[in-house]
Amino acid sequence: MRVAALVPVKRFAAAKGRLSGAVDEQQRARLARWTATGVVAAFGDIDVYVACDNDEVAEWARELGHAVIWGPGLGLNGAIDDGVAALADAGYDQVVIAHADLPRPTSLSTVARHNTITLVPDDRRDGTNVMSFPLTDTVQAAYGARSFERHLAAAQQVGICIEVRADPDLALDIDTPDDLTHPLIREVLPTWLRTNQANHRSV
C-alpha cells in the first residue's frame, strides 16, 4: 500500500490568531512553524506533501525535503480536496491528512489502514485532527466547526470499514490559550514560548 501524507499549512505569520491574547505575533509564527515541523517529521518514511499558497511555507517544506502542492485561493477545504486529487493522480493508494498544529504527533505514521476510513477527532470530538482513507474511496474535506460530525456522516456513505480512533496525543491541538495549559501539551512546548507555565519563573 502506497501511503502519502497531506499536511495543509497556512502562512506562519497568519496562524494561531486565537492565541493573540496570550502569545505575541512573532511567537505565534514561530509556534506555527514548530508544530508544523513536528507533524511532518512524525510521518517518518511516508511521503509528505504540504498544501499551501505561501512562498515562505513552500520554501520551508522544500528545505525539509517535502513536496509542495500549490493551491492559491482555495481555502482549507479546497486545498485538501485539490491535494487529495493530486495524490490519486500520482498513484498513491491511501492518504493521511493531518492538521499542522498537533503538538504530540508521534503516532501519525500508524493511522493509515488498508481499505479503512480512519477519523481521529479532537479531544472535544468537534474537529477532525487526522483523517485517512483510500484514494479510491475519498471523503470530501469539510473542516471547520463540527467537522468530525460531517466527516463521519460522509464516511458512512462510502460503505467501507470506518475506524474512529480515540488517540490521546493526536486528539490534542493548539487553538486557544487554554490549550497551552493542558498538561500533555505543556510537557512538550518549546522553552522559548513565554506562555509555557513551567517557564514563568524565569521570564
Side-chain angles (χ1 to χ4, degrees), residues 5-44 48 50-54 56-57 60-61 64 75-77 79-80 96-111 118-132 141-152 163-203:
L6 180 63
V7 182
V9 181
K10 69 189 300 183
R11 182 168 61 95
F12 294 129
K16 302 295 113 193
R18 284 189 284 174
L19 297 179
S20 59
V23 183
D24 66 39
E25 182 177 355
Q26 183 179 7
Q27 286 194 326
R28 292 199 307 273
R30 191 175 178 187
L31 177 64
R33 182 187 288 260
W34 175 78
T35 56
T37 299
V39 167
V40 297
F43 281 106
V48 175
V50 172
C52 68
D53 62 358
N54 175 261
E56 180 189 6
V57 172
W60 160 84
L64 292 176
L76 175 60
N77 290 318
I80 290 173
V96 181
I97 302 163
H99 284 322
D101 64 346
L102 310 181
R104 299 179 67 102
T106 53
S107 56
L108 272 175
S109 62
T110 70
V111 172
T118 301
L119 303 175
V120 184
D122 64 22
D123 58 358
R124 294 173 288 273
R125 291 182 73 87
D126 178 74
T128 313
N129 281 0
V130 187
M131 177 164 60
S132 179
Y143 289 93
R146 299 176 67 182
S147 70
F148 171 65
E149 179 181 312
R150 291 191 297 276
H151 286 141
L152 180 58
E163 176 194 18
V164 175
R165 182 176 298 192
D167 187 304
D169 286 334
L170 295 182
L172 299 174
D173 52 24
I174 299 178
D175 283 329
T176 68
D178 284 345
D179 293 329
L180 296 172
T181 66
H182 189 291
L184 292 178
I185 294 177
R186 285 174 55 189
E187 279 183 5
V188 297
L189 285 177
T191 56
W192 47 260
L193 187 63
R194 290 183 181 271
T195 52
N196 184 343
Q197 301 301 307
N199 295 333
H200 276 185
R201 292 188 297 275
S202 60
V203 171

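Quick caveat: nothing in here was measured; it's all calculated off a predicted structure.
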Next item on the list: Quick one: list whatever passes salt bridge (charged side-chain N to carboxylate O under 4.0 Å, His left out) with Arg11, sequence neighbours left out.
Entry: none

Using the test side-chain contact (heavy atoms from CB on, under 4.5 Å), find all partners of [X] that sit at least two apart in sequence or belong to another chain.
{"X": "Asp123", "result": "Ala171, Leu172, His182"}
{"X": "Ser132", "result": "Gln94, Val96, Val111, Ala112, Thr118"}
{"X": "Ala100", "result": "Val7, Val9, Ala36"}
{"X": "Ser109", "result": "Ile46"}

Which residues pass the side-chain hydrogen bond (donor to acceptor under 3.5 Å, both in side chains) test with [X], sequence neighbours left out?
{"X": "Ser20", "result": "none"}
{"X": "Trp60", "result": "Thr37"}
{"X": "Glu25", "result": "none"}
{"X": "His151", "result": "Thr128"}

Check: According to the salt bridge (Lys or Arg N to Asp or Glu O under 4.0 Å) rule, which pairs have a member within residues 27-41, sequence neighbours left out?
Finding: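 The answer is Arg33-Glu56.
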
Note to self: Once salt bridge (Lys or Arg N to Asp or Glu O under 4.0 Å) is applied, what residue pairs with a partner in residues 168-181 remain, sequence neighbours excluded?
What the structure shows: Lys16-Asp175, Arg18-Asp175, Arg104-Asp169, Arg124-Asp173, Arg124-Asp179

Specify the closest pair of heavy atoms between [X] and [Y], including all atoms of both residues, with the distance to one decimal.
{"X": "Pro105", "Y": "Leu102", "result": "CD-O, 3.7 Å"}
{"X": "Pro177", "Y": "Leu19", "result": "N-CD2, 3.4 Å"}
{"X": "Val57", "Y": "Asn54", "result": "N-OD1, 3.0 Å"}
{"X": "Asp126", "Y": "Asp122", "result": "N-OD1, 2.9 Å"}
{"X": "Pro103", "Y": "Val188", "result": "O-CG2, 3.6 Å"}
{"X": "Ala142", "Y": "Ser147", "result": "O-CB, 3.2 Å"}

Notebook entry, point to check: Short question: side chain of Asn77, backbone of Tyr143 - any donor-acceptor pair under 3.5 Å?
Noted result: yes

Within this structure, what is the [atom1]-[atom2] distance for the pair [X] and [Y], rounded to the nearest 0.5 Å?
{"X": "Asn129", "Y": "Asp167", "atom1": "CG", "atom2": "CG", "value": "9.5 Å"}
{"X": "Met131", "Y": "His99", "atom1": "CE", "atom2": "NE2", "value": "8.5 Å"}
{"X": "Leu170", "Y": "Thr110", "atom1": "CG", "atom2": "OG1", "value": "7.0 Å"}
{"X": "Leu31", "Y": "Asp101", "atom1": "CG", "atom2": "CG", "value": "8.5 Å"}

Next item on the list: Would you indicate whether the side-chain heavy atoms of Val50 and Leu64 approach each other to under 4.5 Å?
Entry: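 No, too far: nothing below the 4.5 Å cut-off.
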
Next item on the list: Dump the intermediate steps for side-chain contact (heavy atoms from CB on, under 4.5 Å) on Leu193 and Gln27, then the final yes or no.
Entry: CA-CA 7 Å; Leu193 187 63; Gln27 286 194 326; 4.1 Å; yes

Margin query: Test: ring-ring contact (aromatic ring centres under 6.0 Å, His included). Region: residues 13-42. Which pairs qualify, not counting sequence neighbours?
Written below: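 Qualifying pairs: none.
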
Note to self: If you apply the rule side-chain contact (heavy atoms from CB on, under 4.5 Å), what do you find for Val164 with Phe148, and how did you get there?
What the structure shows: CA-CA 10 Å; Val164 175; Phe148 171 65; 3.8 Å; yes

